[in-house]
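Everything below concerns the one structure shown next.
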2 protein chains.
Amino acid sequence: MNPFVMLNPFFKPEGVAVVGASRNPHKLGYGAVRNLKEYRYQGGIFPVNKSASEILYLPCFESVAEVPDPVDLAIIIVPASIVSTIMKQCGERGIKHAIVISGGFSETGEEGRELEEELVRVAEEWEINFIGPNCIGTIDTHTPVNTTFVTGMPESGEIGFCSQSGAMVASVIDWARGAGVGFSRIVSLGNQVDVNETQMIRALHEDNQTQVITAYIEGVSNGKNFMEVAQKAARDKPVVALKGGRGESGARAVASHTGALAGSAEAYGAAFERSGVLQAETMEEMFDWARALAWQPLPKGKKVAVLTNAGGPAILAVDALENAGLELAELTAETKKYLESRLPKAASVSNPVDVLAGSGPGTYAVALDALLTDETVDSVVVIQAPQDWFLPASLAEVVGEVAGSHQKPVIASIMGKASVEEALKILHKRKIPNVAFPERVASVLAAMVKRKEWLDIPQQTPDRFTNFNEQNVERSTSEKDWKSLLQEYGIAFPPEQLAETEEEAVKATESIGYPVVLKLESESISHKTEVDGVKLDIRNKEDVLRAWNEIKESAELTDVDMEGVQVQKMLTGGQEVIMGLRRDPQFGPMVLFGTGGIDVELLQDVESAVAPLNRLQAENLIDATRAGTKLKGWRNQPPADRETVIKYLMRLSQLGDDVPNIDELEMNPLYVLPEGQGAYAVDVRGTVVEDEKATV
Amino acid sequence: MNPFVMLNPFFKPEGVAVVGASRNPHKLGYGAVRNLKEYRYQGGIFPVNKSASEILYLPCFESVAEVPDPVDLAIIIVPASIVSTIMKQCGERGIKHAIVISGGFSETGEEGRELEEELVRVAEEWEINFIGPNCIGTIDTHTPVNTTFVTGMPESGEIGFCSQSGAMVASVIDWARGAGVGFSRIVSLGNQVDVNETQMIRALHEDNQTQVITAYIEGVSNGKNFMEVAQKAARDKPVVALKGGRGESGARAVASHTGALAGSAEAYGAAFERSGVLQAETMEEMFDWARALAWQPLPKGKKVAVLTNAGGPAILAVDALENAGLELAELTAETKKYLESRLPKAASVSNPVDVLAGSGPGTYAVALDALLTDETVDSVVVIQAPQDWFLPASLAEVVGEVAGSHQKPVIASIMGKASVEEALKILHKRKIPNVAFPERVASVLAAMVKRKEWLDIPQQTPDRFTNFNEQNVERSTSEKDWKSLLQEYGIAFPPEQLAETEEEAVKATESIGYPVVLKLESESISHKTEVDGVKLDIRNKEDVLRAWNEIKESAELTDVDMEGVQVQKMLTGGQEVIMGLRRDPQFGPMVLFGTGGIDVELLQDVESAVAPLNRLQAENLIDATRAGTKLKGWRNQPPADRETVIKYLMRLSQLGDDVPNIDELEMNPLYVLPEGQGAYAVDVRGTVVEDEKATV
């Protein structure tokens, strides 16, 4: 199935039937015909309406059957109860693509759900691909075609936008018209029972007019497919997503809105990260980024130069840049000397470069050119505070021209509102993104740097660890099983022995050697510390006996079956981390890593990544945590065995793929000894998905 | 000195002399005369210019001396070199207030600095208060008067704005004109060698037309004064600050911009927190907040209801609200039942309440009224995604009217741009703040809640701890001194003995009782763990001897003088926190609290507050940290002795005030035992300000 061919008629139809077209300007069936006509669709527009002879001077047809060739797309705007009938008629007429605007389906309850199921059945029978139901339609500004009923048509541009919310599409159309932002394609997916967000991202990827893909996503249809398609797209063009339903209340609202499974915000974050999808926090941010990514080259690195005619706004920009992880370029002595020779005496020639209020577009041109030439500079921010003595539009022209002759990104912040409208139009024409407030440059440049860094990650799949006996990898449910499973993947545990009596405990301790740890052995408990089931640093026989008794008492008190204690070698001089797997319902196994110990929830230093991990991905995961910083050697502590941690993370991520019935698996603490001395899983617990078979 | 009288002529002058007035429309001296005249200043406008007879039909005067009565304000726009001469002429003419627009002073280097000093000298001699030099001037929209040369005059409104950056003022004027935001007073402070930001905040506080004070601040002139004035103002009206130079690079840029001492961002944050000043992150945020604070009542609490005609935008708002610490109100059964009876069948009557795309202003009115009546709701967000079938302006009217008959804040997000201009004007008139993107409501409501919470903190000064012998509180420079100083304030230390030899160490250990800690005693070192100078959990004689030798070796290796070891009782079963003092050059002693131990920098869980602390302030400081969460009892750990921590924080904050020569003082770890068992400072170190005398 070639997805390009499949979805093409939604954006470049040869003829469009509007079923449910209306002469009443207050009806959606009028708006759709009006938009096709008014926004200059060049193919045939065929209103279908039994009782009218013409709508907007276009002749009407009594039924879909009568619509002439060529026609390959139907817009359906009829009551929910007859949509399936119309869909069948489309099938009979040979129309293979439909946009179902009508609402009244699964979003309204059980009755609607049944109508939706019938609709899907008919569409499958007639092999019709459809968008919706309960959607707004599609726009392609280059064809041009506008199948929506929403007033207004954005300018032509490079940004493609797909959305699971129709309201978002309507808002974006209205906002884009006001802000003069151009789009290539816009599509509202509605209940997406057939065409979904992943297919649409593929269609935007394959569209030559689309330079940046943006998406409002409440949930994805299939996590693995989404990641594959998004990652492929992101290799070629930037993909920016705004995820709705990130918090708990938001996720609940999503569930009642489109019924989409919002999934955990962390999992979506990790999936976006893996796929190179840039996740925006707000709509404004999404389109700030989209314009910059569409119009400007990516920066080589994090070093930013700020060029300004005023101190205050530059300081706010610098604060925001620094806060977003970017750095101010240290200009070369040559650049500074050159600027000194060209700028007013009181100007600042160190970054931020302040040409002062008395300098105009000519001075800006000279300074911008020097900064873009300086090898220490990866990108330039140009700020202009309002002044009375030159046309802001002339600065816009200058910035556009000078930036165009270099290969580095330039972001403008021509401040103000009343006096700068013409300047903004010119910047738009010159493809220089502008932000009204200088602080907003930071998020834009940070997104560009992030994309650059993602593109630089080699995409090789990780080396498989094959040093294990596949026979031994089986369904695991108890700690003992987890341990042997992990050992199969070469993850080490400290020496230990099970002792079922006091005497055995003393004996075991003496064979292992002091100091030891005593741990409650029980099938019925996972968080051992909550029943006082772990005794650390036991150094002599009396302490062994006391520990045994305390564990026993605590087990009795909390009604826990005690099968004995594990006597374990106590490790010292290392660092406690947590490492684990967690299966996300959408994206499959995720690998976790962070600061371990009993305060793991309190410290909130755990990051996750989608399995499997190659070496660089494992390193990135480690480095994203404070635990990772500490592994490299913190204060007087020697560097820990980071190599072993990397190895373990890669193997554990493979295990997540190999044994799909693991729901959660956690080593906490994993005790990391100094460099070269390995790492040991001290405590491991896990759960399996009960209703799924082990498939190894 | 009555500051109202002092600064009044800058905003309500009886007559204004413009020295350096010009007939050339490209000169600032023309702009100032034009603005006075064009923006309808009703007092006398007296251009001073030797060679012109009139400017803009206003007769000119050859010198300040000739200007007729009444005149109480001079705007000076002449070359820097003659500003002092003009200032003297003003003094001779009896003018006591001046705005020095001219640049070329300390901001340009040494020569300028000398001119500035001369200017200050003359002004003092003639008792003239002046704003600037190197500023833009003042605006009072109610007088009205506009002493600036910048094109444009904002509408009248409730927001007062003062700024250390003239560019910011120019940007705000231009932006306000475009966005239709109204201001009461605007002032650019320039180099503020006389009138400063604190005096101006007081002037805005005392101005009846100003309902909200906003300020762009790079540094304050005097931290203590600022806090006192800001706090007094914030009791009566909201104060919102945007601090420039928060990051390292930003602070450097501030230093080279206005020469202001940016100080540490943390200290400013703590000072704002203490004074009830709301700190905005961006310009946009500052004015979003200002409008809401000026126009709407404060919410009683954190419970928000969201009313929308579309799911997607509401979900984004909910995500942002939750992320900002707000909560969705659980509506009462009564409200839900009522909404059910009034809204379309498929509508959502749970929060967020979705009236669906087919509902118009009438339905909004009914639902908004119900939500504002519901006792579980503290504030309401009204979202409208663009639609084609009713006038957005009618919704604006409805929201304005319904909100006006309740005492709870309402924030609107009428989305889009092209179609909503009229609606925005009506919202403005009705004093309903609107944000273009629904996510922005979150920061607005969070700021309002924060103000409410601050107003609820009782402002009593803390009880003084008086149980110490003042004779014993003296200049402290070594750990031993710190210890006795802290003990004077009732802070406990674990039992310990100094041992100068191996034998003494063994003896001390036996008298204190195992387990013990051995700590290197040395004058020449502070971070003991970095020389392996601390040995924990020593349980027998051999270990004492081994520890002694290891400490000795390490001291020799790192070239540290070893005077012996402190043998200290080892505490177990408690929580390690850090508690300390740090003197900020602007705001004086700050109290620190957070997670302690050797990873304190890594964990980044330390918060600070301005001393002295009353009980509630101490509790707020504790609760702002993860360490504070843990003190309350985390997982199986018993609640720690939080009461003692509160007590210590209050006493330590008093110590900071009592002994002003302390630069830094840190107890890390302070070991907090379970409830009722106290807390012990295990390690303490500090430094004093060398060039200041102890003043106890």
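Below, each value reflects all heavy atoms present in this structure, side chains not excepted, and no hydrogens, waters or symmetry copies. Throughout, protein chains are lettered first and strands after them, A, B, ... in sequence-line order, and every chain is numbered starting at 1.
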Bottom line for B:Asp537: the part with an atom under 4.5 Å from chain A's heavy atoms is both

Note: B:Met168 and A:Leu316 closest approach over all heavy atoms is CE-CD1, 2.8 Å

Closest non-hydrogen contact found for B:Asp388 with A:Thr151 is OD1-OG1, 2.9 Å

Residues passing the salt bridge (Lys or Arg N to Asp or Glu O under 4.0 Å) test with B:Asp605, sequence neighbours excluded, are none

Whatever's closer than 4.5 Å to a heavy atom in chain A on B:Trp634 counts as side chain

When the 4.5 angstrom heavy-atom criterion is applied to B:Glu248 and chain A, the contacting part is both

Between A:Ser249 and the options B:Asp319, B:Leu321, B:Val318, B:Ile315, the side-chain contact (heavy atoms from CB on, under 4.5 Å) test singles out B:Val318

Side chain to side chain contact (heavy atoms under 4.5 Å, CB included) filter on A:Asn540, not counting sequence neighbours, yields A:Glu542, A:Asp543

Correct closest heavy-atom pair for A:Glu439 and B:Met283 would be OE2-N, 2.8 Å

Between B:Ser165 and A:Pro313, the two heavy atoms sitting closest are OG-CD, 3.9 Å

Margin query: For B:Glu111, is the CD atom crowded, meaning more than 12 foreign heavy atoms sit under 6.0 Å from it?
Written below: no

Honestly, the part of A:Asp599 sitting under 4.5 Å from a heavy atom of chain B is both

Does CD belonging to A:Glu330 count more than 12 external heavy atoms closer than 6.0 Å?
no

Cut-off 4.5 Å, heavy atoms of chain B, and the answer for A:Leu603 is both

Okay, B:Glu284 and chain A: the region with an atom under 4.5 Å from a heavy atom over there is both

Residue from A:Thr108, A:Thr282, A:Leu328 scoring the most non-hydrogen pairs under 4.5 Å with chain B is A:Thr282

Residues B:Ser171 and A:Met415: closest non-hydrogen pair is OG-CE, 3.2 Å

